[in-house]
*Asks:* 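Pasting a structure here, questions to come.
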Amino acid sequence: MEWTNQSIVTEFITAGFPSLKKIRVPVFLLVLLMYTVTMMGNMVIIFLTRTDPSLRTPMYYFLGNFSFLEIWYTSVTVPKMLADLLVERMVISFNGCISQIYFFLALGATECLLLAAMAYDRYLAICCPLRYTALMSGTVCIQLTIWSWITSFLLPLVPVILVSQLHFCSPNVVDHFFCDILPMLRLACANTHLNEMISFFLCSSVILCSFMLTMASYGSIITTILGISSAAGCKKAFSTCTSHLTVVAVFYSTMTFMYARPIREFSFQLDKMVVRPAHKGILLPAGQDGCSLLRGHSASQPHHIHPQEPGGEGGLEKIPVW
């Protein structure tokens with residue numbers, strides 16, 4: 001590929017949302033409000049899960065970890081986007097751009113693995129209630145979360161290091177409102193086929209493997225629930241998973257659209273205007289639902305399933321709910 005301008009780029013300009021320039025102040029206030037509510041909601045969840053003895057269970061432990069993750073995951077992109085809404089020239093340094101790519105990918109992978117761990121917790125609680133306490137001990141919970149974080153922060157190292165070694169040519173405009181790896185590769189002077197393949201392979205592997213583990217857990221959960229003779233029992237059991245399943249569906253659909261696809265065949269306009277904002281916009285109410293959930297359950301100790309007989313409703317009335 002020939003390049004007409006070979007000047008070396010040391011900083012980038014994010015394209016942002018050109019169509020929103022005339023209303024950027026109302027947009028800034030709206031995004032700031034949503035970001036503040038997200039931060040406060042997640043901090044409330046963390047505080048309650050750490051201080052309320054009745055919430056010291058595996059389910060709420062994972063929920064607290066998920067809220068901690070969401071604070072950092074949202075903070076990777078939103079504060080810079082808020083700052084860019086107030087300036088004409090939306091500049092980010094080369095090192096800042098590479099750092100943003102790394103933390104965005106690492107935290108996104110962590111979210112994939114944590115969602116799979118949370119699904120596994122629901123599987124044990126519903127399908128193996130009598131052994132739940134032994135199988136999902138405090139040590140197991142800690143190991144699952146530690147390995148989720150460590151693995152996720154190691155996986156993006158290779159593609160991000162490779163991107164950092166590329167030379168970028170003018171124009172230096174990133175076709176997004178933050179530095180993402182796919183729009184960045186379009187600005188490279190060299191052939192980026194290897195980078196694209198590595199990024200595609202790693203992103204697809206993380207998304208596919210964690211999704212399959214999550215769906216395997218829910219497949220077993222659904223099979224168990226369908227064996228319950230009481231309609232009320234089925235409804236009660238399904239209610240323990242609906243919020244988590246909604247987050248799973250939205251998260252994996254948007255992540256698959258953004259990363260598990262060839263880079264050259266798609267525009268990033270839909271990513272900017274619909275997919276990425278919707279991704280965080282859906283997780284925001286999910287966090288608010290978590291706050292309502294915690295308020296509703298903070299007065300009582302959660303219980304697990306202890307069926308009175310196979311297929312019976314038994315202790316379904318006291319299953320902890322997401």
Side-chain angles (χ1 to χ4, degrees), residues 34-52 54-78 103-126 136 138 140-153 155 206-207 209-211 213-215 217-218 221 239-255 276 278-298 302 319-322:
M34 294 177 64
Y35 179 65
T36 303
V37 172
T38 300
M39 294 297 102
M40 294 299 296
N42 284 312
M43 285 189 286
V44 167
I45 292 176
I46 294 171
F47 175 77
L48 290 178
T49 56
R50 295 293 297 176
T51 59
D52 192 331
S54 68
L55 299 179
R56 292 177 183 174
T57 64
M59 182 180 70
Y60 294 112
Y61 171 80
F62 287 119
L63 184 59
N65 267 272
F66 192 79
S67 296
F68 177 77
L69 167 67
E70 277 302 295
I71 289 175
W72 293 105
Y73 194 24
T74 307
S75 298
V76 170
T77 57
V78 175
F103 284 107
F104 183 76
L105 292 177
L107 293 170
T110 306
E111 188 156 345
C112 286
L113 298 183
L114 276 183
L115 286 173
M118 294 163 84
Y120 178 64
D121 171 67
R122 293 298 82 214
Y123 158 75
L124 292 179
I126 293 176
M136 190 55 72
V140 173
C141 292
I142 293 173
Q143 289 175 344
L144 285 173
T145 52
I146 287 177
W147 281 110
S148 295
W149 284 89
I150 292 176
T151 303
S152 300
F153 273 75
L155 285 173
V206 172
I207 294 172
C209 291
S210 59
F211 180 75
L213 290 172
T214 302
M215 289 300 100
S217 296
Y218 273 105
I221 289 171
S239 70
T240 69
C241 307
T242 50
S243 295
H244 177 256
L245 196 55
T246 301
V247 174
V248 166
V250 174
F251 178 79
Y252 281 108
S253 60
T254 55
M255 290 294 282
R276 176 66 183 159
H279 174 51
K280 285 301 173 189
I282 292 295
L283 292 179
L284 170 63
Q288 292 173 317
D289 288 344
C291 292
S292 300
L293 175 154
L294 290 171
R295 286 196 301 268
H297 285 264
S298 61
I319 301 175
V321 180
W322 280 97

*Asks:* Holding to side chain to side chain donor-acceptor pair (under 3.5 Å), I want the full list of residues that pass it with S210, two or more places apart in sequence or in another chain.
*Replies:* Y252

*Asks:* Quick one: CG on L113 to CD on E111, what's the gap to the nearest 0.5 Å?
*Replies:*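 One finds 10.5 Å between CG of L113 and CD of E111.
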
*Asks:* Could you measure the distance from the CZ atom of F103 to the OG1 atom of T77? Nearest 0.5 Å is fine.
*Replies:*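 Those atoms lie 13.5 Å apart.
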
*Asks:* Within this structure, what is the CZ-CG distance for the pair F62 and D121, rounded to the nearest 0.5 Å?
*Replies:*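 Going from CZ on F62 over to CG on D121, the span is 5.5 Å.
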
*Asks:* Which heavy-atom pair separates S67 from I45 by the least distance, and what is that distance?
*Replies:*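 So the minimum-distance heavy-atom pair works out to OG-CG2, 3.2 Å.
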
*Asks:* Kindly give the heavy-atom pair with the smallest separation between L55 and Y60, and that separation in Å.
*Replies:*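 In terms of heavy atoms, the two residues are closest at O-CB, 3.0 Å.
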
*Asks:* Compare every heavy atom of T214 with every heavy atom of A119, then report the nearest pair and how far apart it is.
*Replies:* CB-CG2, 3.7 Å

*Asks:* Quick one: does any side-chain atom of N65 pair with a main-chain N or O of Y61 as donor and acceptor, under 3.5 Å?
*Replies:* yes

*Asks:* When rounded to the nearest 0.5 angstrom, what is the spacing between CD1 in I221 and CG in L124?
*Replies:* 9.0 Å

*Asks:* Measuring from L213:CG to Y120:OH, what's the distance to the nearest 0.5 Å?
*Replies:* 10.5 Å

*Asks:* Suppose we screen for side chain to side chain contact (heavy atoms under 4.5 Å, CB included). Which residues come up paired with T51, at least two apart in sequence or across chains?
*Replies:*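 Residues passing side chain to side chain contact (heavy atoms under 4.5 Å, CB included) with T51: F47.
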
*Asks:* Any idea which heavy atoms bring T49 and R56 closest together, and the distance?
*Replies:* O-CG, 4.2 Å

*Asks:* Minimum heavy-atom separation for I71 to M43, with atom names?
*Replies:*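 Here I71 and M43 meet closest at CD1-CG, 3.8 Å.
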
*Asks:* Begin from the C-alpha positions of R122 and M59 and carry the test side chain to side chain contact (heavy atoms under 4.5 Å, CB included) through to its verdict.
*Replies:* CA-CA 8 Å; R122 293 298 82 214; M59 182 180 70; 3.8 Å; yes

*Asks:* Whether the side chain of T151 engages the backbone of S148 through a donor-acceptor N/O pair (distance < 3.5 Å, no angle test) should be reported.
*Replies:*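 Judged by distance alone, no pair lies under 3.5 Å.
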
*Asks:* Find out whether F104 and Y73 are in side-chain contact, i.e. whether some heavy atom of one side chain is under 4.5 Å from a heavy atom of the other.
*Replies:* yes

*Asks:* Which residue in the set L107, N42, T38 passes side chain to side chain contact (heavy atoms under 4.5 Å, CB included) when paired with E70?
*Replies:* N42

*Asks:* State which residues pass side chain to side chain contact (heavy atoms under 4.5 Å, CB included) with T110; sequence neighbours excluded, sorted by chain then number.
*Replies:*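 Side chain to side chain contact (heavy atoms under 4.5 Å, CB included) check on T110 returns L69, L114, W149, S152, F153.
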
*Asks:* Quick check: closest heavy atoms across V140 and M136, and the distance to 0.1 Å?
*Replies:*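 What the structure gives for the nearest pair is CG1-SD, 4.0 Å.
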
*Asks:* Between V78 and M34, does the side chain to side chain contact (heavy atoms under 4.5 Å, CB included) criterion hold? Intermediate values first, please.
*Replies:* CA-CA 10 Å; V78 175; M34 294 177 64; over 6 Å; no

